[in-house]
Number of protein chains: 2
Amino acid sequence: MSNSKLNHPGDGYLAWLQYRRVTPEANVNPYAGYEHIVVAEGDDVVIRSAVNELTQGLEGITGGKVSVSGKTMKTRSVIIGTFGTGSGIDEAFSEEVSSAIQPEGYAIHTDSLTGNITIGAATSQGILYGVFHLLRIMGTGGSVHNLNILENPVNQLRMINQWDNMDGSVERGYAGESIFYENNRITGNLQRIQDYARLLASSGINAIAINNVNVHRVESRLLTEFLPDVVKLAAVLRAYAIKLFLSINYASPIELGGLSSADPLDAGVREWWTAAASEVYAAIPDFGGFLVKADSENRPGPFTYGRDHADGANMLAEALKPHGGIVIWRCFVYNCKQDWRDRTTDRARAAYDHFQPLDGRFMDNVILQVKNGPIDFQVREPVSPLLGAMPHTNQVIEFQIAQEYTGQQRHVCYLVPQWKEILNFDTHLRGEGTTVKRIVDGSVHGNAYSGFAAVSNIGNDTNWTGHLLAQANLFGYGRLAWNPELSAEKMAVEWITLTFGTNELLVQTLLDILMNSWEIYESYTAPLGVGFMVNPDHHYGPNVDGYEYSMWGTYHFADCYGIGVDRTSATGTGYTSQYARMNMECYESLESCPDELLLFFHHVPYTHVLHSGKTVIQHIYDTHFEGAERADGLAAAWKLMKEHVDEQAYRQVADRLAEQVDHAKEWRDRINTYFLRKSGIADQWGRTIY
Amino acid sequence: MSNSKLNHPGDGYLAWLQYRRVTPEANVNPYAGYEHIVVAEGDDVVIRSAVNELTQGLEGITGGKVSVSGKTMKTRSVIIGTFGTGSGIDEAFSEEVSSAIQPEGYAIHTDSLTGNITIGAATSQGILYGVFHLLRIMGTGGSVHNLNILENPVNQLRMINQWDNMDGSVERGYAGESIFYENNRITGNLQRIQDYARLLASSGINAIAINNVNVHRVESRLLTEFLPDVVKLAAVLRAYAIKLFLSINYASPIELGGLSSADPLDAGVREWWTAAASEVYAAIPDFGGFLVKADSENRPGPFTYGRDHADGANMLAEALKPHGGIVIWRCFVYNCKQDWRDRTTDRARAAYDHFQPLDGRFMDNVILQVKNGPIDFQVREPVSPLLGAMPHTNQVIEFQIAQEYTGQQRHVCYLVPQWKEILNFDTHLRGEGTTVKRIVDGSVHGNAYSGFAAVSNIGNDTNWTGHLLAQANLFGYGRLAWNPELSAEKMAVEWITLTFGTNELLVQTLLDILMNSWEIYESYTAPLGVGFMVNPDHHYGPNVDGYEYSMWGTYHFADCYGIGVDRTSATGTGYTSQYARMNMECYESLESCPDELLLFFHHVPYTHVLHSGKTVIQHIYDTHFEGAERADGLAAAWKLMKEHVDEQAYRQVADRLAEQVDHAKEWRDRINTYFLRKSGIADQWGRTIY
């Protein structure tokens, strides 16, 4: 049963775990009778979660009362269990199937005679994922008559990073306050955290760092004083097969340990970390490890002591290694005190320049976490050239589910298509087909660790994500981390159906909204890959020169003649040389550089003609007029759904879309006015620009 | 004696009340022997303050021990007393003199035989001011041999507005936290407030509103719950002849009184205010009255009820009238939710448009407080056309001593020259010579009330004003309010000498720094009267487009051809028509409009040639290069003073000047780069623009 008190179907709290009764056209419930669960073998916390979830799910979907039993088989039962335990699970599957199942994988089979559905796995986790899979099929109205499913996750690490601070705030959080902390304590609301764990596990997430990578003095003490509370969180998460990680403060030996140094080569410092790790593992034997932002944006790190990132990471890795823990070291390192007058320093180069030369120096339980692009989660930027460029180093890709630069969950922006594009990007690092997804799944370089990480987009808003439609990003992220081959469209349909039901018109409308949303958002914001143009600090809303004279290294250099950043090797910052030759040549040349990234790589006159046949300036005007109009269209389409959606859900989405419509016009007018004033070139269609 | 524990001579706490031993060239103290005070008549709190001050001053200046006696006259005594009391004071002055003394005035006379100095006045306040005058003469090394002084204040109301909030913050405060409040309570540090009162009284201030014009929920309760603490403040201030005013929340009848309305025509509301006023006067019989910011920047006001400002102000005036209290109603009213696309709305017009039509409607104990310019305390703007434009209405001019837009007490900017220029501006409203100072002193229209108000620049920084040199603005404001004919230079020399002593080189250097500072600040910031170009919200530092697309109504409309706001009547917003014909014609015409206000009144091409012979664009480049260079010069000049100044004072000023030097370069480069990029016109001298 739902553990939540907040479960009005339209408030969004249940998200995609609605488990609503499916009423297809025929008016016959195809899942009727699936009211028996057989636990063939096993009794641990994860199995118990799986059984709870299955019970809750089947009761919702069938409308019946579900019973759970031991070994007795019935018709239309759902049988779960692990292989090789003599429980009869093995018999439901071929040897081939069961031997193909990896630790987190599972198989699902329907016996055509009895209708019994068996979920077999090598581990409890596998069973949990199999149960969520079955419920997803039922929740989306799929057939369960002839299931023959074998699933293994493509990526090993499927992680969420909470940017939650212990004061209750969430850095770049757009959905209320933290569900983990308030008033510099871990919140006692374990129910909410359990419900979050259910959402994560159901989409395939298996790891979480529970505090912000910017670790302040109070969060440092999660390692020590607050550890007993962390243990409680770990227990809640463990039941959903999610490993807990902590973001750590590199200066902890000083701040917590009273040492005079945090030098990674100092024996005392190493001992301090070794002891700290031991204490954590004594309390949480399956603790995941440390997530570290060091020497970045004013955070402390090994640079202070003349050491490098490898020294810094390896010291922590050594402390964790005996316990099987890992260090995840973020590569978001750049000069954040840049002089805007200095055009030779290029923030885009920074991650590669800092880390690539260190390849081979990191211990095997260190993973570098690399942001998807070289700048910072912009609506459009090229793929980070660091991804795959360190064959002897573990890497995970970092996405940001929170829409910091893509509408902050006030605008709808379904990010899965963007992520797909990034994952399908061919780096050419090991010849054609060296796609990012193959680098990230570890297969290109044979990494010991690899996978996905992403910044969470949830908070204590009832609907988790502020914008109800932003739930699709959390769901889609997990699904994509499990299997990057899934299409953005399929994941969208899954999420829509699970959340809103199967009304075809509604599904199609929401699908259109989601699938167009990224393009629409891009069209009325920063053009042609140039990035930023947002208000400083909070990053919401248009401000073309917002970062133009700042120290953050994010410039567009617009003058009365043209715009863009020359990052070529021939005449610019040389950033293009960080790519494999094929991509380097593509970006280097004005002829081959894709339109959407033109201003990221080149400074061109406003009269430069794009592949589309338009000039840059006309492209800016056209996309901004169209984008604002299309935002209008989203709101109009949603209005037609009023009678097909729960009223509260309708209102939530309608309100956000109304804000987007207004704000898109503001974007349109500010950007167009800025460029008309600067270029003096009129819109060829004579539309109103102020 | 000094009551303060913070009295290291270089920490700035004593400000211009150093009372240091004067050691002129001759090495003979010209004030030696002035060690006797005779209180001829009177014993009230103000007299006691005067005696205390005189004692402290003479002891400091003479180095001797000062005695106070009753009626016995001695040689080299300082005798104080009020006229017409048979105390012998009258005898020291001619009938002509004593009859010319107004309530706050005083006369000072030295008897050439005895060297006795008599300070006579009609009131205790007059004596206090006379004492400060005498100490100022001695503090600046002036002769006291043949004093024959008769002084009356030119302006009746000489007021300070504290923008202090009860949480301890100070709106637009740049010198620490509030000295009046902390943690939503009135602070217990009455000593600090007394020392502030001494500073104010010594420069001639006679009124203070002790809380921010933006009155939040907690400050509303100063009228009620916190009144007993307000009484204590009033007592401290009363001893220095300073009347206490409260800024009130127009919604108080609702928030405090539980009424459902704050409609000024509602009988219940009127009763509420009448009762509130009575309670305040019962506690503070000499309470000054209310300062009100209503219907401005989201503050509540009579507009809510379809009433106008006259209705709103008169209701309060009626409540205060029986007690002799006044209402000071601010005219800073404009649409702060303007659409930047709308060029017909002109914030500069707002105060005049709102208030001028109401002339004659206000009760005689209402004063309108009019900001000096039509926008908001910019480094350069024209004089507000509302000043003097309401012959039947009391007005005071409002300055801002706090340098919100003029360097925030991080840059040196001596504002007295700016204020002088404003006060000397000829409005031509009653023919030639209708200067602002004559409007403000009440003589043009024969107002019952008139004078000066200004936003304070002090906080709990030890030196009161953050930048030690910013003390000159507080001192100068008070002196100017007393007598607008004083020259900026004279006031600067007074302040310098009182604060730093009489070293000629030092005085001349500081005088140069102060007297050039406004021009320097103007030269590297927003050019030619266009205003703003600052970062939003905090208003510090350059941001050319910072307000260009905002709702605050402060735009420059720069495009690739030109810049400026067309406020002419012929083709623009018609703002010029708010002036008397002479000024209107001057501003309306490109030929006669003064260069320094050109972009305030006109939109011109960058190639427009100024009266100076330079183009607008070259003027921008030249002034910005020169300004930054001259800022460098200020720091260099101060460096040479190292050996002539107390080390701590030297360091305080040197640090601020160093920041100014850096920040002036940032201004220079951002402004120049912005306009080079926008105009495409190169600097004719080929200097580096980025």
Side-chain angles (χ1 to χ4, degrees), chain A residues 337-345 532-538 540-551 555-565 603 605-607 617 624 628 662-663 665-682 687-690, chain B residues 337-345 532-538 540-551 555-565 603 605-607 617 624 628 662-663 665-682 687-690:
Chain A
K337 298 206 171 140
Q338 199 177 321
D339 187 336
W340 59 269
R341 301 165 187 83
D342 162 25
R343 293 212 188 184
T344 63
T345 305
F532 277 80
M533 300 193 169
V534 293
N535 285 302
D537 306 330
H538 61 69
Y540 190 67
N543 189 336
V544 178
D545 278 357
Y547 278 89
E548 194 57 15
Y549 302 95
S550 80
M551 61 189 184
Y555 313 118
H556 56 65
F557 303 121
D559 61 18
C560 57
Y561 309 111
I563 180 173
V565 190
H603 187 93
Y606 294 117
T607 51
I617 190 73
H624 284 76
D662 280 353
H663 204 232
K665 291 198 176 74
E666 194 64 26
W667 269 100
R668 174 195 70 192
D669 291 339
R670 289 207 202 177
I671 300 262
N672 283 345
T673 299
Y674 180 97
F675 285 105
L676 174 61
R677 288 190 189 174
K678 204 144 204 171
S679 71
I681 301 172
R687 290 164 290 194
T688 303
I689 301 178
Y690 298 87
Chain B
K337 298 204 171 142
Q338 199 177 322
D339 188 334
W340 59 269
R341 302 166 186 82
D342 163 25
R343 293 212 188 182
T344 63
T345 305
F532 276 79
M533 301 195 168
V534 293
N535 284 302
D537 306 330
H538 61 71
Y540 190 68
N543 189 337
V544 179
D545 278 356
Y547 277 89
E548 194 56 18
Y549 302 94
S550 79
M551 61 188 183
Y555 312 118
H556 56 64
F557 303 122
D559 61 17
C560 57
Y561 308 112
I563 180 173
V565 190
H603 187 94
Y606 294 117
T607 51
I617 189 74
H624 284 76
D662 279 353
H663 204 232
K665 291 198 177 74
E666 193 65 25
W667 269 101
R668 173 195 70 193
D669 290 340
R670 289 206 201 178
I671 300 264
N672 283 345
T673 299
Y674 180 96
F675 285 106
L676 174 62
R677 287 190 188 174
K678 203 144 204 173
S679 71
I681 301 172
R687 291 164 290 194
T688 303
I689 301 178
Y690 298 89

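Model, not experiment: these values are computed from the prediction.
Heavy atoms only, all atoms of each residue included: B/Tyr549 and A/Arg677 are closest at OH-NH1, 4.1 Å. The two residues A/Lys678 and B/Cys560 come nearest to each other via the heavy atoms O-CB, 3.2 Å.
The shortest distance between side-chain heavy atoms of A/Trp340 and B/Asp669 falls below 4.5 Å. At least one side-chain heavy atom of A/Tyr674 sits under 4.5 Å from a side-chain heavy atom of B/Asp545.
For a residue to count as touching a neighbouring chain, one of its non-hydrogen atoms must lie under 4.5 Å from one of that chain's; by this rule A/Glu666 touches chain B with backbone and side chain alike. Residue B/Thr673 touches chain A through both its backbone and its side chain, counting heavy-atom pairs closer than 4.5 Å.
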The test is side chain to side chain contact (heavy atoms under 4.5 Å, CB included); show your working for A/Tyr690 and B/Arg343 and say whether it passes. CA-CA 9 Å; A/Tyr690 298 87; B/Arg343 293 212 188 182; over 6 Å; no
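In terms of non-hydrogen atom pairs under 4.5 Å with chain B, the most contact-rich of A/Asn535, A/Asn543, A/Leu676, A/Asp559 is A/Asp559.
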